[in-house]
Amino acid sequence: MSGSSRRAAIIGGGVIGAASAYYLQRDGWDVTILERKSFGSGASHGNCGYVCPSHVMPLAEPGAVKSTLKAMFARNSPFSIKLRFDLGLWLWLWNFYRKCNERDMLAGGHALQGLLISSMTLFEELVANEPVDCDWEKKGLLYVYRDKARLDAYDKTNKLLAETYNEPAVKFSPDELAKFEPAVKEGMAGAWYYEHDAHLRSDRLMASWQRLLIDRGARIVENCEVLEVVRRGKSAVALRTTQDEVEADLFVVATGAWTPFLAKFLGCRIPIQPGKGYSITMPRPAICPAVPLIFPECRVAVTPFKSGYRLGSIMEFAGYDASLKPKRLQLLKDGAREYLREPYTEPIEEEWYGWRPMTYDSLPIIDRSPIMENVLIAAGHNMIGLSMSTGTGKLVAELAAGRPPHLDLKPFAVTRF
């Protein structure tokens, strides 16, 4: 689709930038993607790959602060905050506390659900109609518990999800769990199963999307950092980068956890904090789970891909700390070992971390810059950016074309901060 008279420059080569490029190309835009590192190398690379309409509940919910504080001081906790003088972090935590109420939780859940359902439908269309090799499977998601009290405590959450969002889970007894997923050890209390969720291998999705976009005329510029937005009146006209100047008619900011560094150019507050997650990728074990698993008691996630096997989790608020901590990686192995017959295998193919773009209300930003009418922001997708990526990309294309969006955009407005 090169040669179009409409030029779009997308800042950010992660899953949100790729999805935005894909749907803009379908509308006839000539697309350039600018990525500060390599395409698909950030949080889009090594995540657990869940496409999960079941993840409808915001992190900010009643009781979240108490449970978070308890987790912070627990030994070998998967959650941590590096205490430091960082006004942005403390303001974020204060606003997170303010959002931990039932009214905001329910409203946020409804907004997330629309985007999650839209993205699931669009992902199914994508893998059915495009040459995308990403290990896509729709096998559901299984939450496994060792402790019966914690298993039964989820009854309340399941009732809320079923009655408010029509997203119920199936409860498995120990015998039913053993029959359904033989890779799980004996002695479990049971499980909850969301049968409509799917999963894919995110690094393979990004590689396929890169090939597809380039084949259709996209220009992808790697190792390119944006230094300045050149404005003319209420519009942006170009980006000055570490390589050259890029002119365009439309600009999309899809920079994930790095978006706050562009707040000055965008003319608005971007209260996103980097939530560091880890994963380990390896070959499939001989006794491999058939479906993706989450162990809520230790907050470890397991994804069996067709082409491999991944353990992932951890939420570390440590700023933009770029270290890969062996202790955190070991927590993934230790957690999986409590639940699985063969929790991991050798050789380790990749040990990875990425920064999730966390907003304090769990909702992404999908909106125009308040000072530049041709600059769109698509960032802050928290822990489920992959799950919401295709719906976000379609919304970006609709905003760019001036069409009525297929979802209500008010909950995602940047002016809410």
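When reading the values below, keep in mind they use all heavy atoms of this one structure, side chains included, and skip hydrogens, waters and symmetry mates.
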Determine whether a donor-acceptor pair (N or O, by modelled atom type, separation under 3.5 Å) exists between the side chain of [X] and the backbone of [Y].
| X | Y | result |
| --- | --- | --- |
| R84 | L89 | no |
| T259 | A379 | no |
| R204 | R201 | no |
| S279 | G46 | yes |
| S362 | L59 | yes |
| W136 | L205 | no |
| R231 | A238 | no |
| R232 | V237 | no |
| N382 | G380 | yes |
| N47 | A43 | yes |

Less than 4.0 angstrom from a charged side-chain N to a carboxylate O is my criterion; do [X] and [Y] meet it?
| X | Y | answer |
| --- | --- | --- |
| R146 | E338 | yes |
| D155 | R150 | no |
| E245 | R240 | yes |
| K306 | D133 | no |
| D30 | R6 | no |
| K394 | D27 | no |
| D203 | R310 | yes |
| K138 | E124 | yes |
| D249 | R7 | yes |

Measure across [X] and [Y] and return the closest heavy-atom pair with its distance rounded to 0.1 Å.
| X | Y | result |
| --- | --- | --- |
| A301 | Y50 | CB-OH, 3.5 Å |
| Y23 | L122 | OH-CB, 3.5 Å |
| L24 | V31 | CB-CG2, 4.2 Å |
| I270 | P260 | O-CG, 3.5 Å |
| Y278 | S323 | OH-O, 3.8 Å |
| G275 | F317 | CA-CE2, 4.5 Å |

- [ ] In sequence, state the C-alpha distance, the side-chain angles, and the governing distance for D86 and K82, and then conclude on salt bridge (charged side-chain N to carboxylate O under 4.0 Å, His left out).
- [x] CA-CA 10 Å; D86 182 337; K82 182 181 179 181; over 6 Å; no

Side chain proximity check, [X] to [Y], heavy atoms < 4.5 angstrom:
| X | Y | answer |
| --- | --- | --- |
| S389 | S119 | no |
| L161 | V56 | yes |
| W209 | V15 | yes |
| E163 | L160 | no |
| L250 | W29 | yes |
| E225 | T241 | no |
| H55 | L141 | yes |
| L239 | L227 | no |

Hydrogens and angles aside, do [X] and [Y] bring a side-chain donor and acceptor to less than 3.5 Å of each other?
| X | Y | result |
| --- | --- | --- |
| Y353 | E316 | no |
| E125 | N129 | no |
| E167 | H196 | no |

- [ ] Count the heavy atoms of every other residue, nucleotide or ligand shown that sit under 6.0 Å from NZ of K333, and state whether that count exceeds 12.
- [x]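 More than 12 within 6.0 Å, yes.
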
- [ ] Taking atom CZ of R98 as the centre, report whether more than 12 heavy atoms of other residues, nucleotides or ligands fall under 6.0 Å from it.
- [x]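 No, CZ of R98 has 12 or fewer neighbouring heavy atoms, counting only those of other groups under 6.0 Å.
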
Task: Residue pairs passing the ring-ring contact (aromatic ring centres under 6.0 Å, His included) test where at least one lies in residues 380-417, sequence neighbours excluded - done: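 Of all non-adjacent pairs touching residues 380-417, those that pass ring-ring contact (aromatic ring centres under 6.0 Å, His included) are Y360-F417.
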
TODO: Start with the C-alpha distance between M358 and M383, add both sets of side-chain angles, then the distance that settles side-chain contact (heavy atoms from CB on, under 4.5 Å), and finish with yes or no.
DONE: CA-CA 7 Å; M358 307 297 293; M383 300 174 69; 4.0 Å; yes

Open item on the list: As a quick check of understanding, evaluate ring-ring contact (aromatic ring centres under 6.0 Å, His included) for W355 and Y320, giving each step before the final call.
Closed with: CA-CA 8 Å; W355 290 304; Y320 294 90; 5.5 Å; yes

Near-ring test [Y]/[X], centroid separation under 6.0 angstrom:
| X | Y | value |
| --- | --- | --- |
| F251 | F265 | no |
| W90 | F85 | no |
| Y165 | H110 | yes |

- [ ] If the plane angle is over 60° it's perpendicular, under 30° parallel, otherwise tilted; pick one for F305 and H199.
- [x]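 Judged by the thresholds at 30° and 60°, the geometry between F305 and H199 is tilted.
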
Task: Plane angle bin for Y154 and Y143 - parallel if under 30°, tilted between 30 and 60°, otherwise perpendicular - done: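 The arrangement is parallel - the two ring planes meet at less than 30°.
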
TODO: Check the pair Y344, R337 against side chain to side chain donor-acceptor pair (under 3.5 Å), reporting the backbone distance first and the verdict last.
DONE: CA-CA 8 Å; Y344 44 84; R337 189 166 53 239; 2.7 Å; yes

Task: side chain to side chain contact (heavy atoms under 4.5 Å, CB included) partner of L395, the single match among L376, L407, T390 - done: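 For L395, the side chain to side chain contact (heavy atoms under 4.5 Å, CB included) check succeeds only for L407.
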
Open item on the list: Given P364, which partner from the list D367, D361, I366 fulfils the side chain to side chain contact (heavy atoms under 4.5 Å, CB included) test?
Closed with: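 Answer to the side chain to side chain contact (heavy atoms under 4.5 Å, CB included) test with P364 among D367, D361, I366: I366.
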
Open item on the list: Can you confirm if the NZ or CZ of R36 lies within 45° of the ring axis of W258 and under 6.0 Å from the centre of its six-membered ring?
Closed with: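 So R36 does make the cation-pi contact.
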
